[in-house]
Amino acid sequence: MASRVGNRPLLAKPPLVPGYAVLGDVDAVGEGVTDVRPGDRVAALTQFGGHAQMIEWPADDLVRAACA
């Protein structure tokens with residue numbers, strides 16, 4: 001929240017979507033991805049983009065979420 005309200009300098013210039021973490025369900029996976037499937041609940045740390053409705057993220061950087 002600090003970056004969103006201007007209390008912390010941003011590393012990138014606007015326009016950008018703030019947010020340093022995501023939690024959600026996998027919508028689709030790319031070719032060759034076998035560890036993650038659509039519908040899996042996952043979490044990831046991001047540099048930006050955590051407040052977006054949908055992001056594209058490397059499967060190797062995702063962790064299975066323990067909460068439902």
Side-chain angles (χ1 to χ4, degrees):
M1 180 168 132
S3 291
R4 187 177 72 215
V5 296
N7 294 337
R8 184 183 310 161
L10 298 172
L11 299 176
K13 299 292 180 202
L16 63 92
V17 177
Y20 298 107
V22 293
L23 172 68
D25 300 321
V26 174
D27 186 53
V29 298
E31 264 185 60
V33 175
T34 58
D35 293 340
V36 181
R37 295 182 297 174
D40 286 353
R41 190 80 162 158
V42 296
L45 296 176
T46 64
Q47 184 172 5
F48 294 108
H51 293 207
Q53 284 186 321
M54 187 176 279
I55 67 167
E56 181 177 327
W57 207 252
D60 291 342
D61 292 342
L62 300 174
V63 294
R64 292 197 187 278
C67 59

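Residue numbers start at 1 and run along the sequence shown.
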Query raised in the report: Are Leu45 and Leu16 co-members of a hydrophobic cluster defined by side-chain heavy atoms under 4.5 Å apart?
Result: no

Query - Pairwise side-chain contact, Arg64 with Asp40, heavy-atom cut-off 4.5 Å (strictly under) - result: yes

**Report entry** Heavy-atom pair of closest approach, residues Leu23 and Ala65
**Finding:** CD1-CB, 3.4 Å

Query raised in the report: Where do Asp25 and Gly39 come nearest, in terms of heavy atoms and distance?
Result: OD1-O, 4.2 Å

Query raised in the report: More than 12 non-hydrogen atoms from neighbouring residues, nucleotides or ligands closer than 6.0 Å to CG on Asp27, yes or no?
Result: no

Report task. Over all heavy atoms of both residues, which pair between Trp57 and Leu62 is shortest? Give the atoms and the distance, please. Result -> CD1-CD2, 3.9 Å

Requested in this report: Using the test side-chain contact (heavy atoms from CB on, under 4.5 Å), find all partners of Asp35 that sit at least two apart in sequence or belong to another chain.
Outcome: none

Query raised in the report: Which heavy atom in Ala44 sits nearest to a heavy atom in Asp61, and how many Å separate them?
Result: CB-O, 3.8 Å

Query raised in the report: Do Ile55 and Val36 share a hydrophobic cluster, counting only Ile, Leu, Val, Met, Phe, Trp and Tyr and linking them when any side-chain heavy atoms are less than 4.5 Å apart?
Result: yes

Query raised in the report: Is Val22 reachable from Val42 through a run of I, L, V, M, F, W or Y residues, each pair having side-chain heavy atoms under 4.5 Å apart?
Result: yes

Query - Closest approach of Val33 to Ala59 (non-hydrogen atoms, all atoms of both residues) - result: CG1-CB, 3.8 Å

Query raised in the report: How far apart are the closest heavy atoms of Thr46 and Ala21, and which atoms are they?
Result: OG1-N, 3.5 Å

